[in-house]
Amino acid sequence: MTRARKTPGRVAFVGSGPGDTGLLTVRARDLLGKAELVVTDPDVPSEVVALVPDGVEVRPAVGDPADVAKDLVAEAKNGHAVVRLVAGDPLTLDSVVKEAHAVSRTTIAFDVVPGVPAGTAVPAYAGVALGAVHTEADVRGVTDWSSLAAAPGTLVLHATGSHLAEAASSLVENGVAPQTPVAVTADGTGFGQRTVDTTLASLAADAGDLGGPLVVTVGSAVAGRTRLSWWESRALYGWRVLVPRTKEQAGAMSDRLHSHGAIPVEVPTISVEPPRSPAQMERSVKGLVDGRYQWVVFTSTNAVRAVWEKFREFGLDARAFSGVKIACVGESTAAKVRSFGIIPELVPSGEQSSEGLLADFPPYDDILDPVDRVLLPRADIATETLAAGLRDRGWEIDDVTAYRTVRAAPPPADTREMIKSGGFDAVCFTSSSTVRNLVGIAGKPHARTLVACIGPQTAETAREFGLRVDVQPEDANVPALVDALAQHAARLRAEGALPPPRKTKRLRRS
């Protein structure tokens, strides 16, 4: 009997880029998603490592390049898809180049996926236009300063704070003018990026205390930096914004905050769970199929999701809504309905709230309306405003608990302390329950924290808890809420009303 031989895997040398996960290549994401083992360096951003699927081993690269390569080859020979994940660009790192050469001398196939190099990405994020001619060098080791000083175009130097004094003096000694403009960027492309503008003469004094790896750009191109500084000039840049939402819903808001330069900190306040008894929802779904309802009114994306989960459970699809009209309390809820291929008949033309929906909702007409009943699937803690208003318009209401909202566990102690002491620049509330639950599990936000509320009911609840509401968008949806906060911050900055940035400690992820 012949034993089947294992098909060997491959080794992929993958660059994570300079820090911002948005710069990770499509190929890199694809390989990380399919990896069976990831061997990584300590300077790879944690946000990149977090993209590795659950259950996949992430192992640190240990030993010299020959040892690391031996480990990679052994795992690949066992049939594993191995990703060697490195910060920056793989073949610009001498140790990784040695690993690649060692793997190439074996029978194992390998790939190289370049990462966006920090030497061009970080100046671009700092607003420095390098142009076609520039010279890049790592000055953390032995450096030929005379050749660097004579190099054409802009200089891009990789250094730490302790190297700045030597870099400045050596360049000046080799003929570079002391007043040459310099930009020093720390945490390049990250959300804590900070760029210091100085000259060679003042380089060590102005930027010597910056921590971590630095990218130092030297030359006349630095003088135009302020006109092209797009990353650090965003309205919410460097702001820590509290996102008290359900775990499932926090992502969209965090992405929008990221686009305005904020650092979102997600604190789950609500856990969405099925109703204790499924009987109500099961009867309602059967009623939809049997033509019991003229309207279905959705007040949240959670309600839409709950109904569709029941549909899948019974083997139904969007055709079950045939002959039924759908109303949505706001655009975000309507977008969720549209994602299932259905166009709602009614979304408030004015205020996106229960009151706004009632203002547009037609009264029951016993001649035009063949059925007088409305299905209202919603949370167990929903207010009676909408149901009462629909009854006033002559409709019979089936007010059904589609899901339950349960208060989440308290966040870590350091997060609670930041909430109460003003460590957050702003908080974004998307429902009355997020206000109540955040105060219940973590305490009331400090008076200097800006409060943004998605709609009038949420704002009213915030005021009931003694909070000052600073921002409320015209449209009650997440993008409008975040954009309104950014516009408010931009106005405050233009008026000179914003305090200087605070130094805040790194939060533990909850």
Side-chain angles (χ1 to χ4, degrees), residues 17-24 45-48 50 116 118 120-129 183-197 210-212 214-215 217 224-245 250-267 415 418-419 422-430 445 448-452 454 470-471 473 477-507 509:
D20 180 6
T21 54
L23 297 179
L24 197 65
S46 59
E47 291 81 5
V48 175
V116 176
T120 53
V122 174
Y125 271 53
V128 178
V184 185
T185 303
D187 191 20
T189 78
F191 286 95
Q193 176 177 306
R194 179 188 174 197
T195 301
V196 174
D197 293 300
L210 292 177
L214 306 176
V215 174
T217 317
R225 189 185 82 80
T226 53
R227 292 191 294 274
L228 295 179
S229 179
W230 61 278
W231 184 251
E232 295 174 52
S233 63
R234 291 171 297 166
L236 298 177
Y237 188 77
W239 280 37
R240 287 196 182 275
V241 179
L242 188 62
V243 180
R245 304 201 73 191
M253 179 178 285
S254 292
D255 290 345
R256 193 76 172 194
L257 286 165
H258 274 312
S259 72
H260 287 291
I263 304 167
V265 178
E266 297 174 4
V267 176
T415 304
M418 286 187 68
I419 291 171
F424 288 101
D425 298 281
V427 56
C428 292
F429 289 118
T430 55
R448 68 168 166 254
T449 300
L450 292 178
V451 175
I454 198 166
D470 302 285
V471 175
N477 59 64
V478 166
L481 174 64
V482 175
D483 292 350
L485 177 62
Q487 291 162 9
H488 184 72
R491 284 195 300 271
L492 292 178
R493 184 171 289 110
E495 296 166 1
L498 283 181
R502 297 187 305 274
K503 291 183 178 180
T504 55
K505 59 185 177 181
R506 186 180 296 274
L507 289 171
R509 290 185 181 272

message: Looking at every non-hydrogen atom in both residues, tell me the closest pair between Pro445 and Val427 and how far apart they are.
response: CG-CG1, 4.4 Å
message: Quick check for you: to the nearest 0.5 Å, what is the distance between Leu228 atom CG and Tyr125 atom OH?
response: 15.0 Å
query: Short question: side chain of Ser254, backbone of Pro264 - any donor-acceptor pair under 3.5 Å?
result: no
Donor-acceptor contact present, side-chain Asp425 to main-chain Val241, <3.5 Å: no
message: Please check: side-chain N/O of Arg234 versus main-chain N/O of His258, any donor-acceptor pairing under 3.5 Å?
response: yes
- request: Taking the six-membered ring for Trp and the full ring for Phe, Tyr or His, determine whether the centres of Trp231 and Phe191 are under 6.0 Å apart.
  value: yes
Distance-minimising heavy-atom pair for Val471 and Leu485: CG1-N, 3.8 Å
- prompt: With distance as the sole test, does Thr449 use its side chain to make a donor-acceptor pair with the main-chain N or O of Phe424 at under 3.5 Å?
  reply: yes
- request: Could you tell me which non-hydrogen atom of Pro18 sits nearest to which non-hydrogen atom of Ala121, and how far apart they are?
  value: CG-CB, 3.7 Å
field: Which atom of Ala489 lies closest to which atom of Ala235, heavy atoms considered
entry: CB-O, 3.7 Å
field: Shortest non-hydrogen contact between Val482 and His260, atoms and distance
entry: CG1-CD2, 3.7 Å
- prompt: Got a second to check how far Ile263's CD1 is from Leu242's CG, nearest 0.5 Å?
  reply: 13.0 Å
- request: Kindly indicate, with the supporting measurements, whether the criterion side chain to side chain contact (heavy atoms under 4.5 Å, CB included) is fulfilled by Val122 and Thr189.
  value: CA-CA 6 Å; Val122 174; Thr189 78; 4.2 Å; yes
message: Does any part of the side chain of Leu257, heavy atoms only, come nearer than 4.5 Å to the side chain of Leu236, both counted from C-beta?
response: yes
- request: Kindly say whether Thr195 contributes a backbone atom to a donor-acceptor pair with the side chain of Glu232 at under 3.5 angstrom?
  value: yes
field: Arg240 (side chain) donor-acceptor with Gly423 (main chain) under 3.5 angstrom
entry: no
message: Which heavy atom of Thr185 sits nearest to which heavy atom of Gly188, and what is that distance?
response: CG2-CA, 4.0 Å
Evaluation steps, side chain to side chain contact (heavy atoms under 4.5 Å, CB included), between Leu481 and Met253: CA-CA 9 Å; Leu481 174 64; Met253 179 178 285; 3.7 Å; yes
message: For Leu23, is there any backbone N or O sitting under 3.5 Å from a side-chain donor or acceptor partner on Asp20?
response: no
